[in-house]
Amino acid sequence: MNHIYKLHARLLKTGHHNHPLALRRLLLSCAASAPASLSYARSIFDLIAFPDTFAFNTIIRAHADSSPSFSLSLFSKMAMAGVSPDHFTFPFVLKACARLQTGLDLHSLLFKLGFDSDVYVQNGLIHFYGCCGFLDFALKVFEEMPERDLVSWSSMIACFAKNGFGYEALALFQRMQLVGTVKPDEVIVLSVVSAISILGDLELGKWIRGFISRNGLEFTVSLGTALVDMFSRCGCIEESMRVFDEMGERNVLTWTALINGLAVHGRSAEALRMFYEMRNHGFQPDHVTFTGVLVACSHGGLVSEGWHVFESIRNEYGMEPLPEHYGCMVDLLGRAGLLNEACKFVDGMPIRPNSIIWRTLLGACVNHNYIELAEKVKEKINELDSYHDGDYVLLSNVYGGVGRWAEKAGVRNSMREKRISKKPGCSLINVNHLIHEFVAGDNNHPQFESIREFLVSMIDSLKVVGYTPDISNVLFDIEEEEKESTLGYHSEKLAVAFALLCFKDSRTIRVMKNLRICHDCHCFMKYASDVFEREIIIRDRNRFHHFSKGSCSCRDYW
DNA sequence: TAGGTACCAG
């Protein structure tokens, strides 16, 4: 900002401060320093009697990121003033539209005006469609481009990553390298790291790290932070810690990434230690940091520490707790079996509890067999959002936990009436650089028969040492023997059986699952880690479970 | 004549 004031002062001194060229120069300087200089930029823009395309472009650009609605209002004003847009205008307008996820008619307008063949405009369109979730449109623009620059590839890869299509992002990155016309930079690699985080594939994680150093890419704070997060999501918190230790410069996001990683890996005490160490290094925690610390307390059963951290948000840091912090507290109390306290906490919340808060409480009811409370909580959820399949599964599990099969069947009927189906469990595993997908109850894998046979023999050998299949979590009221075989087909069991068949050495088995692991599978994995002398790491929807020598890192507290 | 797009991490 200082250089703008100096420039303005010089213009005032020489009497050129109202000269159109001087105003343009000032406006440009302000636009380059956005968002700090936005109000100043607006006042200069207002001084220009007849703003031309360049002036409009500059002011639209300056607001595209931080005040996208204002950018769009300026674009309308531009049209009303009869000032024509040019090929510079649209990338800025598209950026604003991407932020607001609006403006689907823009493509036809710029097509009509003949700006659709400009690479910057096309890149803007890819980014815009990607942000709005219209991947097909983004891909169409990308594929039809006669020439692509680094930003075109980067935009399309980011589109895939942002929308959860990890493999597609990686495949495109590979295609880009095969085409070989552009050289990857730190920006594009950040999207690739994010794609690998979605997949949770450690082999790929190690590869991208090597790629970064082989290609001499600058190890920026954001790239380092993304790697800390990625390794944690790939199930290797040790590697996250190594990257963290090697980073010369860190910021609050880096510390938070590590704290969150430690929390979901069940290393609660270390997460708390890092939180206090971070403060000693002079970094102020933000809302995300607090969420990580509270998750650590919750998963570690650290009730009093959790209370202390929660209260410090307001008392020490002067921040207002967000709904997710209240959610963490409900989880903390509920997990610890303090259901009455959890209810009191929800009743005393200064904000209206959302369905997530109630759902958290419902989960606690399942873990501690609080049937009446679960029924009341489910009613509360129904008032807010009655179509969430997971809630029915939880309620069904409460009834199953105490053998109330008639009520359990009632839950099934109610799901049928509302046409709600249970999302199938799905587990992924990397075997010899190939990802295998297992879906509960699905026998499409080419080696399904041998996997199933091996799984049956596994279950038999685990039963010998004390494993008893727990049938209470099976959703429907079916015969006992059938229930047992339904459990036998849970996707994570199939994935682990497959890994044991494939891996002849003693390497760690790593599985990624879309839903929470059930009690029976959790018990099965503990026995399997002992009997087969294997470390098994499962990433479920909430956290990581490290099974080793008959026990789990979550200490059965998840 | 100037001005441009992607990533922006937790």
Side-chain angles (χ1 to χ4, degrees), chain A residues 20-21 23-32 34 52-62 64-65 85-98 115 118-128 130-131 138 141-142 145 148-162 169 172 176 182 184-195 197 217-233 240 243-244 247 250-264 271 274 278 283 285-293 295:
Chain A
L21 281 178
L23 287 173
R24 275 164 188 239
R25 210 172 144 200
L26 263 177
L27 187 62
L28 201 56
S29 290
C30 291
D52 59 0
T53 304
F54 175 79
F56 269 109
N57 286 352
T58 310
I59 194 84
I60 290 172
R61 170 196 170 203
D65 243 336
D86 64 5
H87 59 289
F88 284 98
T89 318
F90 285 100
F92 309 139
V93 176
L94 282 166
K95 196 176 181 179
C97 288
F115 295 123
D118 182 279
V119 175
Y120 284 82
V121 174
Q122 289 163 340
N123 292 344
L125 274 170
I126 295 169
H127 175 64
F128 163 68
C131 288
V141 175
F142 178 82
M145 285 174 83
R148 302 179 188 103
D149 64 8
L150 181 61
V151 180
S152 321
W153 290 96
S154 178
S155 304
M156 196 59 231
I157 290 168
C159 266
F160 280 129
K162 227 182 283 179
L172 197 63
M176 182 191 101
V182 293
D185 66 356
E186 292 80 9
V187 174
I188 205 162
V189 165
L190 213 48
S191 288
V192 176
V193 170
S194 146
S197 299
L217 297 178
E218 196 191 340
F219 202 70
T220 55
V221 182
S222 56
L223 194 48
T225 305
L227 287 176
V228 169
D229 179 57
M230 179 198 73
F231 278 121
S232 147
R233 287 177 197 265
S240 290
V243 174
F244 182 87
M247 285 174 72
R250 301 171 193 131
N251 62 20
V252 62
L253 282 86
T254 322
W255 284 89
T256 305
L258 189 64
I259 290 168
N260 273 330
L262 289 165
V264 294
M274 291 308 280
M278 169 187 142
F283 291 101
D286 66 12
H287 284 119
V288 189
T289 321
F290 285 121
T291 309
V293 181
V295 166

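Throughout, protein chains are lettered first and strands after them, A, B, ... in sequence-line order, and every chain is numbered starting at 1. Note: hydrogens, waters and symmetry copies are ignored here, and every other heavy atom, side chains too, is used.
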- line: Protein-proximity profile, nucleotides 3-10 of chain B, B/S/- by nucleotide at the 4.0 Å heavy-atom cutoff, equals BBBBB-BB
message: Using modelled atom types and a 3.5 Å cut-off, is there a donor and acceptor pairing between side-chain atoms of A:N260 and backbone atoms of A:A263?
response: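 No: the side chain of A:N260 does not pair with the backbone of A:A263.
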field: Geometric class of the A:W255/A:F244 ring pair [parallel <30°, tilted 30-60°, perpendicular >60°]
entry: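 If you compare the ring of A:F244 with that of A:W255, the planes turn out perpendicular.
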query: Can you list the residues that meet the ring-ring contact (aromatic ring centres under 6.0 Å, His included) rule with A:F219, with sequence neighbours excluded?
result: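 Residues passing ring-ring contact (aromatic ring centres under 6.0 Å, His included) with A:F219: none at all.
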task: Ignoring hydrogens and angles, state whether a donor on the side chain of A:N251 or A:T254 is under 3.5 Å from an acceptor on the partner side chain.
output: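 Yes - a donor-acceptor pair under 3.5 Å links their side chains.
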- request: Could I get the full list of side-chain hydrogen bond (donor to acceptor under 3.5 Å, both in side chains) partners for A:D86, not counting sequence neighbours?
  value: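 Checked A:D86 against side-chain hydrogen bond (donor to acceptor under 3.5 Å, both in side chains); matches are A:N57, A:T89.
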